[in-house]
Number of protein chains: 2
Amino acid sequence: MARSVAEKADILPLLAEVFREHGYEGTSLSLITQATGLGKGSLYHFFPGGKEEMMVAVLASIDLWFETEIFQPLQNAASPDVAIDAMFTAVRTYFASGQRVCLVGLLGLSDSRDRFAEAIRRYFARWVEALAIALRHREQTNQAAREHAEQIVAGIQGAIVLARALDAPDVFDRILNEMSSRQTAKSGE
Amino acid sequence: MARSVAEKADILPLLAEVFREHGYEGTSLSLITQATGLGKGSLYHFFPGGKEEMMVAVLASIDLWFETEIFQPLQNAASPDVAIDAMFTAVRTYFASGQRVCLVGLLGLSDSRDRFAEAIRRYFARWVEALAIALRHREQTNQAAREHAEQIVAGIQGAIVLARALDAPDVFDRILNEMSSRQTAKSGE
DNA sequence: TTCATTGTTTACCTATCAGTACAGAAAGCA
DNA sequence: TGCTTTCTGTACTGATAGGTAAACAATGAA
């Protein structure tokens, strides 16, 4: 047969996209088979734990991506300003100017929050933490840097919500631009 | 029997709460009967259109509340500053410092977005519009007021996401306080 | 006190859900 | 070539989903 020699690594992005579009509850196995081209047999071969294990794997892959592409650069960059700029650019691309939902944020709002509470908490905690480190140079205290980081992460999440609701990607870009420029403006102080 | 002489007005808040907690997809009729104490028969008597009509009614009641409690005061207040302050206070209470989700925002992110797209769009469009009017005094141009309004509404939504994800209501309060104080700080300029 | 209206209970319908069982095909290795 | 491991299709399960039908109880006006 059409034995596609599927590997977990290949189907994870597809899986992630389905969960992003439909949430955890809204993603049925039939949607998954449709999106991945894999039958139930294959899916349960790779993920014996079913839907929940699939979501855990997706969350882990998201975590890995953000850790390497966003969090680590923020923490270790020689120039924090450049790293923060890079973060804004990466985020704009990743979330397709708000047309692509943040799966972790969505999960946190939804019914299945409790099931993945720890992964959700860690994702946002790491983001705030890494960004706060990059912001330390700019702020009087570590606490101020932390609060500023909270504002920016919340601003990004809110920009997704608003841009999706209004169906207006330009709203997303405007909000991110403003946060980014308010940032660089401070260097003149 | 226990004829509770139910009225639509009485069960709408209960309905709203169930939808808020579980989303549209996640809210099953059995959850609804449980939360309202009404059987399917009664529910379909009040809402012949089923779940969808229930959600439409809930959205309409939310719309009404925000229109009278938030949007109109923002637009018509003698003192916009006071009205904006009142908005922050009302929002903090309404969303219980981020422990209570914004149903409209959640819907916008989730699978059932298309079904209620127009109501979702209008809710946020009205919010931004009303807030922009209250902010006009503070900004150079109407466009700047609008952009600032977008930032604040997005900030509120993001604060909900972040506070829920971190399970930390104080994060919500901090972010709102900061936005509110940045606002009043400008009057000194 | 009749009687239509309004509200409620109960039983039932079909579709779909997540998950399981298992036979069997492809692939890798000998 | 054989044989084992890895993968896949099909058929099934029990549970629950949203929704329907209709008999029936409470209510309020005549």
Side-chain angles (χ1 to χ4, degrees), chain A residues 1-59 103 106-107 110-116 119, chain B residues 1-59 61 103 106-107 110-116:
Chain A
M1 292 272 167
R3 179 63 172 269
S4 44
V5 195
E7 287 187 29
K8 257 183 162 176
D10 297 328
I11 60 176
L12 260 172
L14 300 171
L15 223 41
E17 213 49 40
V18 186
F19 279 127
R20 237 187 293 269
E21 281 167 29
H22 303 96
Y24 181 71
E25 309 270 331
T27 299
S28 64
L29 286 197
S30 78
L31 271 174
I32 296 176
T33 58
Q34 201 176 311
T36 59
L38 290 163
K40 280 191 184 184
S42 306
L43 289 170
Y44 276 85
H45 171 71
F46 289 117
F47 307 97
K51 235 173 86 170
E52 180 157 348
E53 189 177 334
M54 295 179 208
M55 179 57 98
V56 167
V58 164
L59 287 176
L103 177 56
L106 171 58
L107 272 184
S110 72
D111 206 7
S112 30
R113 177 174 81 128
D114 296 348
R115 214 187 281 234
F116 310 105
Chain B
M1 293 270 164
R3 177 66 170 264
S4 43
V5 195
E7 288 186 29
K8 257 183 161 176
D10 297 329
I11 60 176
L12 259 169
L14 301 170
L15 223 42
E17 214 49 39
V18 187
F19 279 126
R20 236 186 295 270
E21 281 167 28
H22 303 95
Y24 182 71
E25 309 270 332
T27 299
S28 65
L29 286 197
S30 79
L31 271 174
I32 296 175
T33 60
Q34 202 175 311
T36 59
L38 291 164
K40 280 190 186 185
S42 305
L43 289 171
Y44 275 84
H45 172 71
F46 289 117
F47 307 97
K51 237 174 85 169
E52 180 157 347
E53 188 177 336
M54 296 180 208
M55 180 56 98
V56 168
V58 165
L59 287 177
S61 81
L103 177 56
L106 171 57
L107 273 185
S110 72
D111 205 8
S112 30
R113 176 174 82 129
D114 295 347
R115 216 188 282 233
F116 310 105

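In what follows, chains carry the letters A, B, and so on, assigned in the order in which the sequence lines appear, proteins first and then strands, with residues in each chain numbered from 1. Worth knowing before you read on, the calculation uses all heavy atoms, side chains too, and leaves out hydrogens, waters and symmetry mates.
Counting to the nearest Å, the C1' atom of D:dT8 and the CZ atom of A:Phe46 are 9 Å from each other. Note: CD1 (A:Ile11) to C1' (D:dT8) measures 12 Å, nearest angstrom. Here the P atom of nucleotide C:dT10 and the CG atom of B:Leu43 are 14 Å apart, to the nearest Å. Look at CG on A:Asp111: it is 12 Å from P on D:dA17, rounded to the nearest Å. In this entry the distance linking CG of A:Leu38 with C1' of D:dG9 reads 12 Å, nearest Å. Remark: C1' of D:dG18 and NZ of B:Lys40 are 6 Å apart, rounded to the nearest angstrom. Rounded to a whole Å, the CG atom of A:Asp10 is 15 Å from the C1' atom of D:dT6. Atom pair B:Gln34:CD and D:dT16:C1' shows a separation of 14 Å (rounding to whole Å applied).
Heavy atoms of B:Gly41 sit under 4.0 angstrom from at least one base atom.
Screening B:Leu107, B:Leu103, B:Asp111 for a side chain to side chain contact (heavy atoms under 4.5 Å, CB included) involving B:Tyr24 leaves a single residue, B:Leu107.
The side chain of A:Tyr44 has C:dG19 as its nearest neighbour among C:dG19, D:dG9, C:dG7.
A heavy atom lying under 4.0 Å from DNA chain C marks the following residues of residues 16-31 of chain A, by number: A:Thr27, A:Ser28, A:Leu29, A:Ser30.
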| Derivation of the side-chain contact (heavy atoms from CB on, under 4.5 Å) call for B:His22 and B:Ile32 | CA-CA 10 Å; B:His22 303 95; B:Ile32 296 175; over 6 Å; no
| field | Criterion side-chain contact (heavy atoms from CB on, under 4.5 Å) on B:Glu52 and B:Phe116, from CA distance to verdict | value | CA-CA 9 Å; B:Glu52 180 157 347; B:Phe116 310 105; 4.0 Å; yes
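Atom NZ of A:Lys8 and atom CG of A:Leu15 lie 10.5 Å apart (nearest 0.5 Å). The line from CZ of A:Phe47 to CG of A:Leu12 is 5.0 Å long, rounded to the nearest 0.5 Å. Between atom CD of residue A:Glu17 and atom OG1 of residue A:Thr27 there is a gap of 11.0 Å, rounded to the nearest 0.5 Å.
Listed here is the closest heavy atom pair of B:Thr33 and B:Ser30: OG1-O, 2.8 Å. Nearest approach of A:Leu14 to A:Ala35, heavy atoms of both residues: CD1-O, 3.9 Å. The two residues B:Glu53 and B:Phe46 make their nearest non-hydrogen contact at OE2-O, 4.0 Å.
Phosphate contact (OP1/OP2 of D:dC7, side-chain N/O of A:His45, threshold under 4.0 Å): present.
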| query | Using Watson-Crick and G-U wobble pairs with both distances under 3.5 Å, what is the 5'-to-3' dot-bracket string of DNA chain C, with [ ] for crossing pairs and | for pairs outside the strand? | reply | .||||||||||||||||||||||||||||.
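Between the base of D:dG19 and the side chain of B:Lys51 there is no donor-acceptor pair shorter than 3.5 Å.
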